[in-house]
Amino acid sequence: DTAVSQTPKYLVTQMGNDKSIKCEQNLGHDTMYWYKQDSKKFLKIMFSYNNKELIINETVPNRFSPKSPDKAHLNLHINSLELGDSAVYFCASSPRPGHFHGYTFGSGTRLTVV
Amino acid sequence: TQLLEQSPQFLSIQEGENLTVYCNSSSVFSSLQWYRQEPGEGPVLLVTVVTGGEVKKLKRLTFQFGDARKDSSLHITAAQTGDTGLYLCAGDAGNNRKLIWGLGTSLAVNP
C-alpha cells in the first residue's frame, strides 16, 4: 500500500496550459504539504494544509492554487504554465503541524513545460 | 533567513569505506531530521534528533546533534552501494511552521 501517492508521475505540457497534480495519503495524517524541488535539488515549501485548512502559504505565484477536499487529499492546480515552473513537485504528509515526527513524501511529479 | 549548509556537496567513494557528512547552521534548532532521497523518489526520513549532544544509530549510520543544536553529522561505516543517494538535513526552528532544508550531499558508493 502506497502511503502518499501522487499522480501523474510525469507531466509534459506546453506553456500557457493549465494542469493539476493530485495527492492522496492513507496514513490518517492531519497535515499535508506541497514542495517544489528545483534542478539543484533544493526543496522549497509551497503550501501546507492542516485538516483542510491552509496554514502555510509561501511566496508562490497566484497561478498555483491548492485545494484540499478532505484531510486525505491535497491537489495542486497550476494555471498558465511557464517554463520556470518545470521542476519536481512533491506532496508530503505529517501526523500534525510541527515536524517532530517527520514527513512522509510521495514519489514526486516531474513537470516539464515546453 | 535561516540556512542549513551541507558538506560536502558531492562524495564518491568505494564500497567498504567510511564517510561523514555535515549539516551546519548559525541558528539553533529544536530538532533536526535526516532524509535520504533516491533518484526518482521522494525523501525518506532516516532519523530525528532533538537533544543537544544526542547520538542515534541506525545500523551502519550514526547521527549526532551538536551540543548547541546548531549542527549535525551523519557517519556511515563500511558504505554499501545501497547507501547511494542524496542525503538531506532539515531543521525545525520551533515556530511550528516550515522546516529549513539543506541542499544535500549527493553520495555515490561504487562497487
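Just so it is clear: chains get the letters A, B, ... in the order the sequence lines come, proteins before strands, and each one is counted from 1. Just the heavy atoms: all of them, side chains too, but no hydrogens, waters or symmetry mates, feed the values below.
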Checklist outcome for this item: Contacts of A:Y35 meeting ring-ring contact (aromatic ring centres under 6.0 Å, His included) (sequence neighbours excluded), chain-then-number -> A:F105, B:W101
Are [X] and [Y] grouped together when hydrophobic residues (ILVMFWY) are joined by side-chain heavy atoms under 4.5 angstrom apart?
X	Y	value
A:F64	A:W34	yes
B:L86	B:L99	yes
A:L54	A:V60	yes
B:L11	B:Y87	yes
A:Y89	A:L83	yes

Item to check | Flag if over 12 foreign heavy atoms under 6.0 Å of CD, B:E17 | outcome: yes
Next on the checklist: For the CD atom on B:Q80, are there more than 12 heavy atoms of other groups (residues, nucleotides or ligands in this structure) within a distance under 6.0 Å?
Outcome noted: yes
Let me know if [X] has heavy atoms under 4.5 Å from chain B in its side chain, its backbone, both or neither.
X	result
A:L43	both
A:K9	side chain
A:Q6	neither
A:F90	side chain

Item to check | Residues from residues 106-114 of chain A approaching chain B under 4.5 Å (heavy atoms) | outcome: A:G106, A:S107
Item to check | Heavy-atom contact with chain A under 4.5 Å, split by part of B:L32 | outcome: neither
Checklist entry - For chain A, which residues from residues 33-68 of chain B lie under 4.5 Å away (heavy-atom distances)? => result B:Q33, B:Y35, B:Q37, B:G40, B:E41, B:G42, B:P43, B:L45, B:T48, B:V50
Checklist entry - Which value, rounded to the nearest 0.5 Å, describes the distance between B:Q9 atom CD and A:K41 atom NZ? => result 12.0 Å
Using residues 65-76 of chain A as the side-chain source, report each donor-acceptor pair under 3.5 Å to any protein atom, sequence neighbours left out, with the distance given to one decimal.
unit_1, atom_1, unit_2, atom_2, d
A:S68, OG, A:D70, O, 3.1
A:S68, OG, A:H73, O, 2.9
A:D70, OD1, A:A72, N, 2.9
A:D70, OD1, A:H73, N, 3.3
A:D70, OD1, A:H73, ND1, 2.7
A:D70, OD2, A:H73, ND1, 3.3
A:K71, NZ, A:D30, OD1, 2.8
A:N75, OD1, A:C23, N, 3.4

